[in-house]
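The structure appears below as structure tokens.
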2 protein chains.
Amino acid sequence: MVATIRDVAKLANVSVATVSRYVNGTRKVRGKTAERVKFAIEELGFRPNAVGRSLSTSTTKSIGMVIPSISNPVFSDAVSGVSAAIRKEGYSLTLTTSQYSPEGEVDAISTLLENRVDGVILTVTDPETSKALELLEKSAVPFVMIYNQPSSGRATMTVDNVAAGKEVAGELIKLGHKRLGMVSGKFASSDRALARMNGFVKGVRDARLTAPVICEVDFEAQDISDVLEPMFKDMNAAPSALFCSNDILAISVIGALRRLKIAVPKEVSVIGFDGIAVGRHMYPTLATVVQPSKEMGKAAARNLFERLAGGQDPQSVILPHEFTIGESAGPAAKHDPTDLQTQSKPTSKRSPT
Amino acid sequence: MVATIRDVAKLANVSVATVSRYVNGTRKVRGKTAERVKFAIEELGFRPNAVGRSLSTSTTKSIGMVIPSISNPVFSDAVSGVSAAIRKEGYSLTLTTSQYSPEGEVDAISTLLENRVDGVILTVTDPETSKALELLEKSAVPFVMIYNQPSSGRATMTVDNVAAGKEVAGELIKLGHKRLGMVSGKFASSDRALARMNGFVKGVRDARLTAPVICEVDFEAQDISDVLEPMFKDMNAAPSALFCSNDILAISVIGALRRLKIAVPKEVSVIGFDGIAVGRHMYPTLATVVQPSKEMGKAAARNLFERLAGGQDPQSVILPHEFTIGESAGPAAKHDPTDLQTQSKPTSKRSPT
DNA sequence: ACAAAAAATGTAAACGGTTACATTTGTGAA
DNA sequence: TTCACAAATGTAACCGTTTACATTTTTTGT
């Protein structure tokens, strides 16, 4: 069917070894010979079979990646970074998703291990209990986590989520907010959301404010409005600022607040986390903590290559994050009766008077 | 190092054939024997090497995918669909990006072909001139395009972009718009944008309106504001509605208009194309043509599997699209002197009284 | 208990490369 | 020209599976 190295060798009247050496440039082949080989390759449309090569060299030149979902742009950004970094090294990318489930992670890793990827870049729901990570460790395939919190001496590329969460609290407090809240994806499936929450709560507590309302949502399943509505029944008690555990969630929250006729940021400020591109383009622009997703992907890939090349112990890296103010966050509104001056129409849902 | 089928065979005191048959369930192995094999596999942590298997069976159980960029959610959605569909069949996904360049496409396809993927799902800039498609055809690896326009009898999964474009024109005209415009990504790198434009122009022409302003932008590179500003110098001449060739672009356009202090949709309506999730969550919700990206990915994968299984000629499928109105599109504003009543602050940029 | 048929298992040759080692060819100095 | 040595090339084993075919074991019918 398709030409093999032996076909080329026969046509060029050389040995397979010579063809191999010509193709890979591993040894010099004489001009005359090289020409014959080159001709044969073109004549036959020969394309080296990576499978044969992999079996022989026991290296696949491929990197496996496991992300919870590809629908959240924050992960696409990381994929993009990984993709760019490994292409440069001639590697290819096998992408799998876990749908935020530990079983999904195990399945994904199993597949990748069977495919003998040279390294793995992944994000798990919980590094502490992850069976997938255990599989990886047993297999001795080098791996790096991204987004996950450092733990157990495993390598991870992430930002300081606790510090960032605290920073968000600080910024909101600086804007005069006194009643804060957080809307987060399930902590069980996101150690970083948990870390952000912890930092946020600490920041609020340090400022001697009442502890923030924490609202855990199953983002993929629930309608955010249903969660937000009771929370904002009484605007005098409701938080004047919400920290969301990621940008997608924040965008949804802003949309839901609008539907509840609550103005952002006039009545409620919203801050996200991730720094996905669309947040900068939309209106209101999203106040958020920007994490360098693409760079994280690249860094993870580089880390992997270093280990594949030399040895080097796995090493975690904390990358810099940056709080970016946007139109979705502003000064705290005063929720006394003069509240009615706010531009949005008062509705029966609001506090009386 | 890592256990092979021979290690298992030795430990279980059977032949490699028996192990292979046990692992793949291709033949019955007697209870007693099966137990020994099972034990040996667990004892050694044996995991079949897909590379060896692939070489032997000359099938990799992997599908290659080439998309222009992973940063546009419309493509992530397709990846998501493909990923889900192929996982079900036990296939894995090798993902590559072309950065909207024909050379990138060729590189990607070359890599995929060397890796002997069993099939390819891809989106190219221009099917008519694509060297990548030629490579694929020469290689005899089954492939399906997604998003691309049907051409040359090659299989593609897409929506009717021309009809959709025309439909958008119709909807805007129905809303009373008379001066229409389109902002599009480079036609040279998107046959579907071109098709949408053609339909749009046709729709406008059929309504006997003046031809729409067409504005081609290098979206990744340029700042949209620079493009929009001259267009909206004179509001009496400027279009009252803009059709954007994709949602991401539309979101940026809305943002840019806001920065130019032009209200959406009060002064200018904006309609996108794709139906990415964020458009439904943001404010204003994005009026757009929803195409079933995830379904397209799934359909492409299924098409590939059918061909891998039975034979079947490649077959293009036109999937249904759906125009969805959103808050970003509304009735045409009257741009006579009473224009000043519009909520947004008049600026020197606007037409004089 | 025995032969024949059926079921289970084993043997060894692919699959398409790479590479250690062996061999041939080419080069330069005497 | 001849020899020693270097450079180029060739030979064949190996990487980890699958599977056609051969062989052994079990089952079945009598």
Side-chain angles (χ1 to χ4, degrees), chain A residues 1-38 40-41 44-62 90 92 111 113-118 139 141, chain B residues 1-38 40-41 44-62 90 92 111 113-118 139 141:
Chain A
M1 198 88 229
V2 31
T4 75
I5 199 173
R6 272 169 248 268
D7 300 325
V8 175
K10 190 172 296 175
L11 181 56
N13 205 21
V14 296
S15 73
V16 292
T18 300
V19 178
S20 174
R21 296 195 266 250
Y22 173 82
V23 168
N24 300 302
T26 41
R27 272 202 188 2
K28 188 127 201 106
V29 337
R30 202 145 34 105
K32 209 68 172 298
T33 323
E35 254 168 49
R36 291 208 313 279
V37 175
K38 182 171 190 290
I41 288 177
L44 298 171
F46 170 72
R47 201 183 289 281
N49 183 330
V51 178
R53 174 177 294 158
S54 291
L55 187 56
S56 178
T57 59
S58 45
T59 164
T60 52
K61 287 229 165 207
S62 80
S92 58
T111 304
L113 289 178
E114 292 194 356
N115 282 293
R116 298 297 193 266
V117 295
D118 293 340
S139 77
V141 170
Chain B
M1 199 86 229
V2 32
T4 75
I5 200 172
R6 269 171 252 272
D7 300 325
V8 175
K10 190 172 295 175
L11 181 57
N13 205 22
V14 295
S15 73
V16 292
T18 299
V19 179
S20 173
R21 296 195 264 250
Y22 172 83
V23 168
N24 300 302
T26 42
R27 272 200 187 0
K28 187 125 201 108
V29 337
R30 201 145 35 110
K32 207 74 172 292
T33 323
E35 253 167 50
R36 291 209 312 280
V37 175
K38 183 172 191 288
I41 287 176
L44 299 171
F46 170 72
R47 200 183 290 279
N49 183 330
V51 178
R53 174 176 296 160
S54 291
L55 187 56
S56 180
T57 59
S58 44
T59 165
T60 52
K61 288 232 163 204
S62 80
S92 58
T111 304
L113 290 178
E114 293 194 355
N115 282 293
R116 297 298 192 268
V117 294
D118 292 340
S139 75
V141 170

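Residue numbers start from 1 in every chain, and the chains themselves are labelled A, B, ... in the order their sequence lines are given, proteins ahead of strands. Not measured: the values here are computed from a predicted model.
Residues Y22(A) and V8(A) form no side-chain contact, since every pair of their non-hydrogen atoms from C-beta on lies 4.5 Å or further apart. At least one side-chain heavy atom of V23(B) sits less than 4.5 Å from a side-chain heavy atom of F46(B).
At whole-Å resolution of the value, CD1 in I5(B) and P in dA12(C) are 16 Å apart. The interatomic distance linking R6(A) (CZ) with dA12(D) (P) rounds to 12 Å, in whole Å. We find that CG of N115(B) is positioned 16 Å from P of dG16(C), with the value rounded to whole Å. Distance, R21(B) CZ to dG10(C) C1': 7 Å, rounded to whole Å. For the pair E35(A) CD and dA8(D) C1', the interatomic distance rounds to 16 Å; values are reported in whole Å. Following rounding to the nearest Å, K28(A) (NZ) and dA8(D) (C1') show an atom-to-atom distance of 11 Å. Between L55(A) atom CG and dG16(D) atom C1' the separation is 5 Å, expressed in whole Å. When rounded to the nearest whole Å, the span between NZ of K10(A) and C1' of dG10(D) equals 16 Å.
For N24(A), whose side chain is taken as the heavy atoms from C-beta onward, the closest listed nucleotide among dC15(D), dG10(C), dT18(C) is dT18(C). The side chain of T18(B) sits closest to dG10(C) out of dT9(D), dG10(C), dG17(C). Listed nucleotides: dG16(D), dG10(D), dT18(D). Nearest to the side chain of N49(B): dG16(D). Of the candidate nucleotides dG17(C), dT18(C), dC15(C), dT18(C) has the atom lying nearest to any side-chain atom of T57(A).
R47(B) contributes no side-chain N or O that, together with a main-chain N or O of E114(A), makes up a donor-acceptor pair within less than 3.5 Å. Side chain of N115(A) to main chain of V117(A): no donor-acceptor pair is present (N/O by atom type, distance under 3.5 Å, no hydrogens or angles). The backbone N or O of V16(A) sits nowhere less than 3.5 Å from a side-chain atom of S20(A) that would complete a donor-acceptor pair. S54(B) places a side-chain N or O within 3.5 Å of a backbone atom of A50(B) that can act as its donor or acceptor partner.
In terms of polar N and O atoms assigned as donor or acceptor, the side chain of R53(A) never comes within less than 3.5 Å of the base of dG16(C) in a complementary pairing. No donor-acceptor contact under 3.5 Å links the side chain of R47(B) to the base of dG16(D). Side-chain N/O atoms of R116(B) and base N/O atoms of dG16(C) include no donor-acceptor pair closer than 3.5 Å.
If you find the closest nucleotide of DNA chain C to R27(A) and to R30(A), the one lying nearer the 5' end belongs to R27(A). Looking at which nucleotide of DNA chain D each of V23(B) and A17(A) is closest to, the 5′-most match is held by A17(A). Each of G52(B) and N13(B) was matched to the nucleotide of DNA chain C holding its nearest heavy atom; the match closer to the 5' end belongs to N13(B).
Proximity of S56(A) to the phosphate of dC15(D): no side-chain N or O atom is located under 4.0 Å from OP1 or OP2. OP1 and OP2 of dC15(C) both lie 4.0 Å or more from every side-chain N or O belonging to S58(B). Of the side-chain N and O atoms in S15(B), none sit less than 4.0 angstrom from OP1 or OP2 of dT9(C).
Among the atoms of the strands shown, base atoms are found under 4.0 Å from some heavy atom of V16(B). Using a 4.0 Å heavy-atom distance criterion, Y22(A) is classed as making no nucleic acid contact.
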